[in-house]
Each structure stands twice: as structure tokens, then as C-alpha cells.
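Everything on this sheet refers to the single structure shown next.
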Amino acid sequence: MTHLMILPILIPLLTGASLLLLYPTPVGVQRLVSIASTVMLTLLGLWAVSTAGSGELTLYHLGDWQAPFGIVLVLDRLSAIMLLLTAGLSLFCVLYASRGIDRQGAHFHALFQFQLAGINGAFLTGDLFNLFVFFEILLIASYALLLHGGGRARSRAGLHYVIINLVSSALFLLALGTLYGLTGTLNMADLALAVAATPAAGQPLLTAASMLLLVVFGIKAAVLPLLFWLPRAYSASSAPVAALFAIMTKVGVYAILRVFLLVFGLGESPANQVAWGWLWPLALLTLGLGGIGALGSASLRTMTAYLVILSVGTLLATISFVTATTLGAALFYLIHSTCMTAVFFLLADLLGQQREQGYDRFSDIAPMGHRWLLGGIFFIAAISMAGLPPFSGFISKLWILQATSGEPQGFWLWGVLLAAALLILVAVSRAGSGWFWRPGKMTAPRPLDRVCVWLVCLMIGVSAGLSALGEPVINYLELTAEQLLVPQAYIDTVLPESARLAREVAP
Amino acid sequence: MNTIDMSWLLELVIAVFLLFGAVVALVGSWGLAKLPDLFMRLHGPTKASTLGVGCTLIGSLLYFSHQQSGVSVQEALVTMFLFATAPVSAHMMAKAALRRHLKCVTRTRNPPGP
Amino acid sequence: MTPQPHSRRLLNRGLRSRQFWLPRPLFSLFLALLWLLLNHFSVAHLLLGLVLGVAIPFVTHPFWPERARIKRPWRVLRYVLVLLVDIFWSNLIVAVRILRPERHLQPGFFRYPLELDDEFAITILASTISLTPGTVSVHYDAEAHTLLVHALHLEDEAATIAGIKQRYEQPLKDILR
Amino acid sequence: MIATVIPIALTLFTLGALLNLYRLVIGPDIVDRILALDTLMINSIALIVLADIRMGLGVLFELALLIALMGFVSTVAMTKYLLRGDVIE
Amino acid sequence: MSLGLVILIPLLGACLTAWQREGTSRNLALMAALPAVLSLVLLLAWLPEVLAGVTQVQRLAWIPSLGLELSFRLDGLSWLFAMLIIGIGCLIVWYARYYFAGKPGAGRFFTLMLLFMAAMLGIVLSENLLFMLVFWELTSLVSFLLIGFNTDSQGARRGARMSLVITGGGGLMLLAGLVLLGQAVGSYQLTDVLAAGPMLRAHDHYGLILGLVLLGAFTKSAQFPFHLWLPHAMSAPTPVSAYLHSATMVKAGLFLMARLHPALADTELWFSLVTVTGMLTLMVGAFVAMFMHDMKGLLAYSTVSHLGLITLLLGLGTPMAMAAALFHLVCHALFKAPLFMMAGYVDQATGTRDMRKINGMWRFMPVLMGLSAIPAAAMAGLPLMSGYLSKKMLFSESLQLATPDWAVAVIPVWVTLAGLFSVAYSIRIFHNVYFNGKPIDLPIWPPREPRYAALAPIALLAMLSLVIGLMPAEAYRWLVHPAVLAARQTLLPQYEFDQLGAALPMAMSLVAMAGGLLFYAIRKPLFRLHARLPEVDAKEIFDWIMRWVIELSQRRVYQLENGSLQRYLMFLLVTAVILVGLELIRLPDWRGPLPLTAIDPLTAVAAAVLCLSAIGVALFHHYRLPALLLLGVTGLFVTLTFARFSAPDLALTQLSVEVMAVVIMMLALSFLPQQSPKESSGARFGRDLVIAGLVGAGIATLSFAILTRPYESIATFFLANSLPGGGGTNVVNVILVDFRGFDTLGEITVLGIAAVAVYAFTRDLHLKERVAGSSAGHWVAEPHPIMLSMVARLVLPIALLVSAYIFLRGHNMPGGGFIAGLITAVALTLQYMSGGLVWAQERMLTHFRPLIGGGVLIATATGLGSWLFGRPFLTSAFGHFDWPLVGEFELATAMLFDLGVYTTVVGATLLILANLGKLMTVSGPGKEVG
Amino acid sequence: MELLYALTLGVLTSCGIYLLLRARTFTVILGLTLLSHAVNLYLFASGRLATSAPAIVGFADHSADPLPQALVLTAIVIGFAMTAFVVVLALKAAVELRNDHVDGENPDEDRP
Ligand code: NA
Ligand code: NA
């Protein structure tokens, strides 16, 4: 047993708590501590990816209690990827925020660290109720971060976001109650066995619980009828927060993958079939809506918010084919889209600060400082976002197309995906040409924060790097997908033999 | 429940306490429901319920003191607490009623002015 | 940070004084006793009770600005006994009044002129009035130094006031003088 | 004897609680309702104690204590609000 | 990777010019020419291999899993195209050096130009289809920047966007097509794909693949109806137009069709799609070109027409059609580039491109006239010129067709007619500019002829046109034949130029020439006639479509995402009801096998009260305070329910939480309106009732179904191990602090974050006026009634004692750190209420955030303590100690953990309350709260 | 008893949902509170209904399922944190937006 495994949760938790305990801390120290913690998380992410790369699951028994009874943390390839992605993304966000945005409200860094603890916990836990708890941690922290900086738009969007998520939490508890009431267990591996062992007469109740979970995760992930909280919430929040939120919808996607592939994924005709059946059309519609919304949005942040929706649609539509290649392709797309939407949120702030008026609105024609530099960055970011070569967007699109080409329903995805790509192209070219090609000089030049520019460039560099080093990444993701599709291996590792035997004997 | 070794007298005392408490409390609640204005209604619960619940608690105290060897005064604590707080609650409610200029029944003597 | 008047006062008083470490010995004892009653008796609980008895007044005494002046503690017992008996009978009386048709009731307000001037004593008196026969203290008028009382059945205002004076206010003055 | 008395006492307290609820619903003023809720809290203390005796377990005492404390605090909060338009100032 | 160098060198050159973007156009041109020439030399070095028919393939892995490789291919076809790209590129650099003299933006131009060159080279030199696509998209992007080069001009911006959308869209189609193609073949390497022709043509997806690939090619090569972007790309600087339209961008599509010919061509579908598109493009382009008054516009449409011509040839499928197509492609590049250059010079010299104004330029620019006569003649297809031969090759090939019948009949006439038009517009651009009377209202006067050095590129290209016209067979053998062989992947004989002397092609050629002359002669009435036709501006239409699409999306999106929470919640709930409901309906029997337990009357009454109070809240929600009271009743009865069903811990927690929540709501209520307006319509009311009823029914059904079913629970483990393993008899508490202590750690973290968040976002909140108007100064409304203050103070120490009692008892009996914390918090809240915020602050600790942080830290540190013993996080330890005098007592780490819980709860609750209280304090002293 | 319990749950949920769909923040919070009561009771019931059987070792011969109780406890605390948060947020929004409509603006009718 290695204690490194729990550090992705404990480090940010301790950092956040210490920042509260030692208040009032000078903002410089807060930044230092927060950045140091995030760097450590990144290193841990790298460790996790290399450890999980062996294909073996790493377990951590909290309180030294065996699996179905105590809470167990499980590190597999998927968790490792998500940890690394979160850590990397948050490193950029915290650095960007440390350039001044963290001063706009109280306790940015403490809340940021708590947010990370919540997200990492959600990725690591092997217990369904514990997943709920970590969801709540990441949600409450996200509410606070969303409101960071104040203002009416944030209050309004925040209220909607909070209320919808409260309802979602209630549904989560209902699902947990149903599952526990029928199976008497909460550990995901144990649940999987129990679900598979339930006779057909009891299946509809379990499926009903799975549907509740689908709604809950669908709200987090932002699937079609459940996504309307997202555009305003994301476009209202401050840049580094919105950039961090790029991972939040992915938490929903992660939960869908984890729960539906593991808990409901066992047996001859797994219970997750119903979920995939619903997810496919809804995700496709989500994808379409994301494209249309991106085209119809009035500001860069709103557009990016719709791009988040689009990415979720793409992801879930691809996932719902449930083959090793489609899952792998979806994961690649997940990484790419998280990076790029984050880039766009930061870029919107960078551009907005340099515009004479209108911030990031498309309708205002206003001079912009440093327009060639910023225009160049925007151009490259837009290329990657639109899925044009040679950046990661192209690779991910290519993989998705290849992975779904053999599927009977694949052409629907192709059609919508390519149409949406065209819509993005129209949207970003309209935005870019309107902003950077219009004439006009700034009346008063504004300083451009070089560090912020470098951060954005570096993030785009990540997209390029993802493309350049595509092969190892793809191989890793393919293995990840294969691991996900074999829940029995997960169960065999997590549960001791006695627990498994008990399930088999039970009627 | 082990009542065999409990002396008959103690049992009787407990029973009387419990019943008396219940009756008194019911009368208090009846007053709350029946009396015509708020100031009069205040009298029912603040006293009757206090005593009613107090008796019940004493009954319980006796019961558990006997049941589990040793004195069980936790109930006494609750009673004490109720007796300390009930007047304050009544006081605050009466003030609130005055503040809201609630009507008294017309035959009330010296109705307070504004 | 804004200055904390109370902590400064504490420091001025000196860290070595008994007042600092044990502001209310009687109350501390009471708490320790209460602790033992709440839990079953054992040496461990006695020690713990004493620790709490010291610690809790230490933490809470800033909330108690004036020191208790219970001069004759033995009279408290008598006062409580009288009160309990009164409560019992008053309840019976009130119960009967409530159960009878309400037209027999003659509610009314009266102002009770206070002789006590200590806030703590006034509170005890007001509580006593509220707990006993058909009366509720409604408002304390600090300027007129009176207590506004509502009575469920007010037949003779002067007699009621005199009764309160004699049964409760006078003993209270004795206890707290 | 106690076994027969307790159900009677429980019934009486329940009746009392229903009367409290009646007052709580009809009002007419908010103070009446607060008074009703306060009484309801106190009556439920008795209900809990009786239930505890009936079960013979003695695990509900803390609940009774807590209801006494919390009932008081919430009554104070509500009346304070009515008096001043705020609770803490 | 020597082939890669051909691409890499211009790329590096682009970096160089970008770096030195502030230099003069001469220096920049030199900088740009250097890499171009280097690449050209490299390419020429491979001529022997190309002539020998060797196909060189160089491969480098990139992402083999996706079939994506950095692999290059050099054969005749790619060599020919690469030569054109680099060769004409060199001349364009030369030309641009003069064009940009004294103008801004030279650096940007040369950078983009070299990038573009690299991208084009990438297309033609790729062996891997996906790798080719990378460059394909790159040309779209760079051309977007080139077309929008004059950023001040709205036309340029629109033209750029339009070209990007059309070519980008085509790129997406091509991507789809190529992926399908690759999946069908099993490889994206050209070698494999070209060898798989028969299999592909028989494949299920052949039609789809062909359609998608052709859409990509057609959009890029401006085939009808995607030709719209090309003329509007004329807003670009002339060097850009010259480069894009002669040798590069538009030829990419043709290259692709030629490249994939062995794989996809020679089917009826190919014939119909390609030939018909080519015919339409040929005619539309030629027709529109005749009537253009803008020099560059005329040239652009003539380009469209010539692209159509080549496409037509590629579609025909006759043995030598490929030869004719590629031959004409070379000729077109050689005459179109100088014509564009000429148009640029005339534009610079006169300040306009309108041929109605530009007349009689022979007087001012005689040399230019002399030089441009040759490419103009070539475009017209006059004898001795390259164009003459290529046009006759077209006529000749059009006569070779045997099937289908319509084509045999129509195509010869069609191409003759198009030839006629091309003669007409060629004459027009030459005659109209250099003769046709005197200039009218030229913005620049007098027009000056450019320097001779500037004319050199035109001269060179004109000479090449002439050379090819004079020595077609040699030119064909050296340049085109290897390309034809590579494109067809079969052995073909040399083209027999002698056969062009045959009667029928000759006659067609003569008809075209005579007809063209005649047509030009009667141009005036034709122009008038044309002017009466409704004018269709593609740019306007495109913009209108774009605006319409955008507005439509905005409206559609707004209809869904209209900012109404009620609507979002409705979507959410309806989704849940449908998804869950459909499963519940499938349930065979809602009631499980377990027998129902008997209902006792008291519980029934309590349930009724619970229901009625909840309904009361719903009914009276407009009256907020009464609703809050009823909510309190609901909470109380939920508490009683927990107590009734053997959950004392839950009852305790529920009660204390409920009271704190009501107090907080009460605090908030003092700022909110006291009543909610009635604003729901009847229909809305009904709809909500239905949704609420359905959700309630669903929950009830689920709950009943579960309650009546047996289950096997892991709980037996907890009951058995609580005392031996966790050291406590209260199993619930042991679960909370030990078995599932991690949950509890998370739970207090949530509480702490919530409190800190409340602090953070109320910090700058200023409540100016209170919503609840109070007629202050009523005599009873004193702030701190003494009775309350006194009793509150008395309660505090007792409550603390009780806290301690509940805290210590928790492990074995109902209680625990959380409830103890709430009791403490409530007692302190009572101090706030009785004495006021300021009064209480002076007497207690006011820094609650450290309390929260400290609490979480205590709990975490307790968990970390187990590391010292080599145990996992949160492993508990406990022990019974027996000290002399003191007796036996138990100590457990769980207690320390619970202390963390206690501390956090106190801190969080008070932080929230104190901050809310602070909001109430309009002004005044008071310490900082938090 | 089970049927009664389920029906009570249904009523609580319905009232909560109905209030949740109203247009004022305060009402929505009332609805959320009712809903969380219902959800807690539901989760609690997943351990079945037990009378006179607290999950305390050595108190009764049989014992209620302690796990759902622990879960509900956690859920109650989290629910409390969330309620406190959303109440203050609603207050903030009402003050900043000058009305307490959930959408921050005061339409005459609920929006469709
Ligand atoms: Na002319
Ligand atoms: Na807990």
C-alpha cells in the first residue's frame, strides 16, 4: 500500500484548511502555497499515470477496513488520466489567477484547493456514497468560486447553478437509497456483483436507480435537457474559474463511465443498455445544440460555454457506442476539449482586457491593444478548437471518425460532428475577423500581462504536444478503454475473495 | 422491560405523575386552542405544559432511576431548563403581541396603549 | 485588528489572580455536580467534571458582567420550594379556569412597581411571575421601573400586587441583598 | 400499571399536539402560531420521554433536552424578528 | 527525410521573414526567394529519377494507430505540381518585391506566402492521405489570412470568411471521405490506396467516399456551385491572386482528382459527377467572365472556367484525357499568372481595375502590352501558343467519347461554345485595356509603366508559354508525360500532337475563334442586355445566409436557454420522471414479498400531521413567516419519525439542523419581501401540480417497493465489529468516525467551505435599505430585553456542559461531535440574539475561519496519525486504560477526529450566522467578523 | 406501516417539487427543504423500518441497519450546509438584483 495514492485528496485539503487556519495570510504567501500544492498534484498525477500504466489497480483501504465495508480508493488508468488532467489544468488556472484575479474576492486559493480535493476525490473513490460526498465538496467549492469577484451576473447565474445542483444532489441520494435498499452495499465493485446477481423481476428497480444516476451525472456533464444552467454560469464566472470548470463537466462524464461501465456493466445483458440507449440520441442533440449555440452566442465566453456543451455531446455520443476504440477516442477528445475550452476562457479574459469596450462581446466594434499578437494566439487556438490540423483537435476528431466508422449508427455522429465543426469554423472566423481585422487604434494603450500570454500559449502548446506525442497517448488511452470494458478485473482486485463468494452464493 | 422487582408504590407514583402531567398539559393545549385572545392563550401553555411535561419528566426520572441502578437526573436537567426558559418565551411572545398591537378581548382591564 | 476590550481587561487583572482562573467557584462546583449527575459517578468523571467546572466559567464569564451576590444561599431552597408549590396550585387553578366557560374570566393588565433594581433579580422575579398563578410578565419598563403584567383573571389588582411583593420580591431581596 | 398508563398519557399528549396544530393553522396572528409551535415542541418532549419509557431503552433523553434548547432558541429568534425586524443586530 | 526538406525549407523561410517582418520589401523578397530557390534546386535534382518513372516514398511514423504518418512521395505527378508551385512561387516573390515596394505588410505577405507554398508542397508531396489532409487544411487557413490581407476592407474580410467556410467545409467532407477510404482500404498510404482501385470501386461505401472526396476537391478547385468564393477572393493583393489562382490553391482539388484517379475513377458515377460538374463550371465561368468589367474579376472567372475545363477532362476517362488535363493545367498556370501580374501593374498605375475606365494603355505601357499579348493569346487559344494546343487536345478528347449517348452528342458542342467564350474574354481583356479609345477618369494620372526588372516575371512566363506552344512534344515529354504515367498508374504512350491536325478539332477551333471575335464585336448591345439581368452578388447572398443562420441559432438557443430557472427545473424533473417512470412501469409487482407491519394510531396521526404540514407549506407559501413555521413543524415531525424508527442520532441531528436552518432563513427573511406575489397562471399551476404529483408518486412507489423487499446488507459487519474493531457501542457513530470516517471528513469540509463561501460573498455586500419596513421606536421593541439577556447568559455554560456531555457520550450513545458542535453554536447564537452582535463579539472569539481550518486539520491530522504506525489514513486506535485512583476509562483516536468535527461545526455555523448578523448592522463599531 | 411511510414520502416530495417550481427564491428554498426531508426519509428507509431497535450494541436484541442512518446523517449535514449557502445567496441576489425572483427580474407572469 502506498500513501501517495491518497495525497491528491489530502494535499489540497490540507492546503485549503491551512490557508483558513493561518488567515490572515499575505496574498503572496497564499499564492505560493497554492501553487506549490498544485505543482505537487501535477507530480502526483504523473506518478499516478505511470503507476496505473502497468495495468494493475492500486487500492487504498481507508481506515484499514476491507472493501465492501470500508471506503476504498482505486487508482486505475482512467482515474490516473483524470488526476493528471485536473492537476495540469489547475496549475495553469492557479498561475493565471495569481496574476491578480485572486484578489477580487476572499479566499480564492483556499476555495480553489478545496475544489481540487473534491474533484480528485471523485476520481479516486471506489464507493458510490463517497462519490456523492466528493461531488458535494466540488460543488460547494464551485459555487463559491463561481461567485468569486462578485457582481450581479454572477449572483443570478450562481443561483440557478446552485438550485439545479441541489435538486441533482437530491436525486443522487434517491438513487443511492434505492441501490442500497436493494443490494445492501455501497462499494461499486460489490454493487456490480449485486446488480448482476439480482433476478430479472428486480431489475427494473435497479435500472430506475441507474436512470436517476444518469440524470444526476447528465446534469453535471450537461446533457441536453439538463444543461441549461451551464452557459450563463460558465460565462459569468471569472476566467481562471471558468477555465477550471472545463473539467467539471468531465467529472460528470467520468462518473457516467465509471458507474455505468462498472456498476451496471456486468453480466450477459448488462443493465447499462438502457442508459446507452438514452444517451446516444440525447448526446447527439447536445452536440448539435452546442454547435448552434456557439454560432448564436453573443460573446466569446458564451461561445466557449457552448463549446463545452458541444464537447460533452461529442464525448457522450462517442462513448455510447461502448467499444474499446470509441472509448479511447472519447478519452482523447476529453483531454483535448478540456484543454481547449480552458484556453478559450483564459483567452476571452486576455482579449477582453485589451479591448477598449465590450469586453468579449462580438457585437461591439472596438479597438484592441496588441492585436497582432493576440490575434495570432487566437488564430492558433481557434484552429485547434475547430479540429483543424495539426493540433490535438484534428487528431481527436480523426480518431472519433475512425472509431465510429464501422458502427451502424456512426454516420449520424459523423454528420452532426462535421456539421458542428463547420459551425465552429464559422463562429470563430466571424469572431476573429471582427476583432482583429477591424481598424482602429487604442486611445490609451493598456499593459499586457506577459505571464498570462505565456500561460495561454503554453496551454495551446499542450494541445500541440498532445498531437505530436499522439501515439503514446493513444496507446495509453486504448489500454484505458480496454481496462474499463473489463469490470470483472476491477472487481476481482477490489473485493476479497470471501466477499465475492458471498455474492455468488446469494440468490 | 423489567417491572417485576419494581415496588408497587413507586409504580403508582410514576403512574400518577405521568397521568397528571398528561392531563395538565392537555388542559394547557386546550386553553391555547380555546381562549379568545393571545394574551390569555399565553397562560395555558407556559404554565400547564411546563408542569405537564415536568411531571412526565419526573415520572421518567423515577422510572429510569429505578430501572438503571443509580440516580438518573438527566430528566431533571430538562425540567430545570424548561422552567428557566418558558417565562422568557412567554415574555418575548407577549412583547411581540404588544408590538403588533394585537387586540385583547374587550373586557380586558387596563389595555395597554400604543 | 480592532482592540479587544475584554481580553485586555482580563490581562490587566493579571494571570495569577483567582478571579482570572476561577471567576465563580460556586458555579464551578455546581457544574461539576451537574456533570456527575449527568454521568454515572466515577473518579474519572469527577476529575473531568472539575476540569469542565473550571473551564466553562473561564470561557463564559465575559458574558456575565456582574458577579453573583447570593448572600444567603439557604434561602434559595426555600424560595424554590415555595415556587414549586405555587406552580402546582396555580396550575390547578388555571386549569379549572380554562375548562370553565370563558365568560367567567376577567383578564387584565397591571403595572407592578419594582423595588428590586438588579437586572438579574428582576429577571428572576419576572420569571417567577410568569411561572405562577395566571400571570405573565409582558414588559419591563426601565424608566418607570415597573413590570407590565397580564393576568388571566384579574379581580383585585392591589391584592395581586401585594401578594407578589410579599411572596416573591421580598424573599428575593433577602437572598440577594 | 405503567404499561397501561403510558398509552393513555401518549394519547392525551397527542391530543394536545393536535390542538396546538389547530391553533398553528388558524392563527390568526403570527404570534399565535409561534406560541402554538412552541407548545408543540414542549409537548413533543413529553411524547418522546413517554416513548422512551415505553421502549424501556432510555436513548431518547438527549433528544428531549435538545428539543427544549432548540425550541427555546427558535421561539426567541422568531419573536425577536417580529419585534425588531431582525434577529441579530 | 530529404523530401521533407522541400517543405521544411519554405517553412523555415516563413519563420525568418516573420522574424524580420519590419524589413524593406527588397530584403524580405530576397529572404523569401532564398528558401524557394533552394527547394527548387532540390526538386530539380530529382528530375532524373522522375523521368525514369521511379516513385520515391519516404516514411516517418507519427501516429501509426490512426494511420497517420509523416510520409512523402515523389513521382511524376507530384514533381510536376511541386515544380509549378515553387517555380511560379519564385516569380511571385519577384513580382511582390515590386508590388509591395513602399507599402506596409510586406513581411506579413512573404511569411504567409512561404507558409502557403509549404502547405501546397505538402499536399502534393504527401504519401499519406491524412498527412495530405493536414496540408490541405493548412492551405485553407493560410488562404483565409491571405485573402483577408487588406484587413481594412470589408470586402476582404467577407471574402476571406467565405473562402474559409467553403473550403473549410469541403475539407471536412474530404476528411470524412478519406477516413472512409482509409478504413475501406485498411491503409492511408497512397501506394496501398492506388493499388486498391478495383476493391474500392466494388465497395459498399464507394458512392459515399467518392461523393465526399469530390466535394472536397470541388470546393477547393472552385467548381460550380462552390466557385463563389474564388472571385471574391480578389480583394486580396494581386500577388496573392496570381499565386492562388494560377498554380496553387485551386489546383489542389485538381491534383487530388488526378492523384486518386486510379483508386476512384473509371466508373459511371465518377464520369457523371466529374464531367457534369466540369461542364457546368466551364460554361458558367466563361459566361460570367465575358461580362466582368473588373480586370481581376474577369481573370478570376476565367480561372473558374479553366478549372472546369480541366475537371471535365479528368472526368472523361478516355485514355489520353489525363494527358490533356495535365497539359492544360501547366499551360493555364503559365498564362494566368502573368495576366494577373499585368492586371496588378495596370491597377497600380491607374488606380482602378474597371475596364470601362481603363482604355488605350498601349500609349502608356507599350512594353507591358507587348509582354501580356502572349499570355492573352495563349488564354484565347490562338495558334502557336500553348493554349492553342491544349484547347485542341480538349476538342480532340471530347470526340473520343463512345458512351453515354448524351455525352457523345453534347460535350463537343459544349466545349466549342466554351472555347468561343474564352476567345471573347481573352480578346476583351487585351483590347479593352490597351486599345478601345481613351482612358476615362483614371484616379492616377498619368499611368506609368513599371520598371523593366518588375516586368521580368511576366516576360519569363510569357516566354515559357511561347516555348511550349512551339515545342509541345518536348514539353510534354519532359514535364507532363511522367505526371500522366504517375497519375494513371498504367503505361501509356506519348501524346501524339500530330493527331491534333485532324479536321474536326481544327474546325471546332476555328469556330471558337471566329465566334469569339464576332461575339466581342457585338459586345456593346450584349453588355446592355446583360446589365438588365438581375444582379446576383454571391457575397451578399452568402452574408445574408450567414446572418440568417446566426440569427436563427440565436433565436433557437434563446427559446431553449431563456434564463428561466422554472423552465430548466421543469426539463430536469420531466426528464427524471420519464426515464425512471418507464422503468417502474416494467416492474412486475410493486409490492415485494415482505409482510407489512401494523400501523399504530399514534404513528398514523404523526404521518397525517407531517403530510398536512407539508401541504400547508405548499398552500401558504405566499405568507412567508407562517410557511416557515409550518416548515418547522414538518422538521419536528421528521425528527419524531427518526426517533420512532430507532434512529436517535438522526433525530438529534435533524432537530438541531432544522432549528439552525430556520433561524438562518428567518435572518434572510428580514431582507426579503414578507409575501410572495401570486403570479402563476392556471395552466402553469396545473402543469406544476402534475409534475409534482408524478415525482411524488414515483418516490412513493420506489419506496414502497424497497420497503417490502428483502435485502442482504453489509450492516451486519458493522454491528459485529463496532465494539471490537471501533471501540464504541453506538454503531452509527462508529460508522461516522471510523468505518466511513472519510465521508465525515468530506462532510465537514463541505460545511466549512459553505461557511467560508458565505463569508466571501457577503464581504462586500452592503444592504442599503431593509426591505421589511419597521416603524422603529415602538416602546416594546427594545433591542435587548433583560429577561432574555439574563436567561441567555445562564443557558450558555449549561449548554456548553451539555455539549461536552453529548460529545463524550457520542461514541457509545446517541450524540457525537456534530451535535455537540451545533449545541455550542446554538448557545452562542443565543448570545448574539440576546445581546447583539457587537456585545457578543466583544466577549468571544471572532475569528471563525481559523476554527474551520483548524477543525478540518485536526480531523485530517488524526487520520494522518495512523501513518506513523504504518496504517492507512484514518485507521482508528482505541484503548482502555486503568489508572490508579482514576479508574478505567477509554481513549480513542475517533474522539480526536470528532473534536475536529466539533470545531468545524462551531466555526462554520457561527461564521454563517455572524456574517448574516453583520449584514443587519447598518453601521457601527464591532470587530471584523469571520 | 410501509404503505403509510411511502405515501407520506410521496406527499412530502410532491409539496417540495411544487414549491420548487415557484418563481420566488424564498419559496424555492422552502421547496428544497421539503425535498431534502423527503430524500432523507427515503434514504433512511433503505435500511427498512425498525421499532425499538436503536443501533447501539447491547441495547436491544435486534438492531436497525446503522449504515443508512450514518448516510442520512451525512446527508443532513451536507444539506444544512447547502441550505445555509443558498439562503444567503438568495439574499445576496435579491439585494443586488432588487427583487427576489429566481431569474433576477420581475416579470408579470412566469416565463413559459
Ligand atoms: Na477598357
Ligand atoms: Na457525519
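We name chains A, B, ... by the order of the sequence lines, and we start the count at 1 in each one.
- Heavy atoms closer than 4.5 Å to chain D are found in the side chain of B:L102, but not in its backbone.
- In this structure a side-chain-to-backbone donor-acceptor pair under 3.5 Å is missing from B:R100 to D:V31.
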Expected list for residues 66-77 of chain D: side-chain donor-acceptor pairs under 3.5 angstrom, two or more places apart:
from	atom 1	to	atom 2	distance (Å)
D:S74	OG	D:M70	O	3.0
D:S74	OG	D:G71	O	3.1
D:T75	OG1	D:D38	OD1	2.6
D:T75	OG1	D:G71	O	2.8

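- Proximity to chain D (any heavy atom under 4.5 Å) is shown, for B:L32, by both the backbone and the side chain.
- Contact annotation for D:D29: only side-chain heavy atoms (C-beta onward) come within less than 4.5 Å of a heavy atom of chain B.
- D:I8 touches chain B through its side chain: at least one heavy atom from C-beta onward sits under 4.5 Å away, while N, CA, C and O do not.
- With a threshold of 4.5 angstrom between heavy atoms, B:V23 approaches chain D through its backbone and through its side chain.
- Judged purely by atom type and a 3.5 angstrom limit, B:R99 uses its side chain to pair as donor or acceptor with the backbone of D:L83.
- Most heavy-atom pairs under 4.5 Å with chain B, from the set D:L12, D:L47, D:I45: that is D:L12.
- B:S60 and D:D52 form no side-chain donor-acceptor contact under 3.5 Å, judged by distance and modelled atom types alone.
- Formation of a donor-acceptor pair under 3.5 Å by the D:R33 side chain with backbone atoms of D:V25 is found in this model.
- Applying the 6.0 Å contact sphere to NZ of B:K103 captures no more than 12 heavy atoms from other residues, nucleotides or ligands.
- Most heavy-atom pairs under 4.5 Å with chain B: of the set D:I6, D:T11, D:T14, D:N20, this distinction falls to D:N20.
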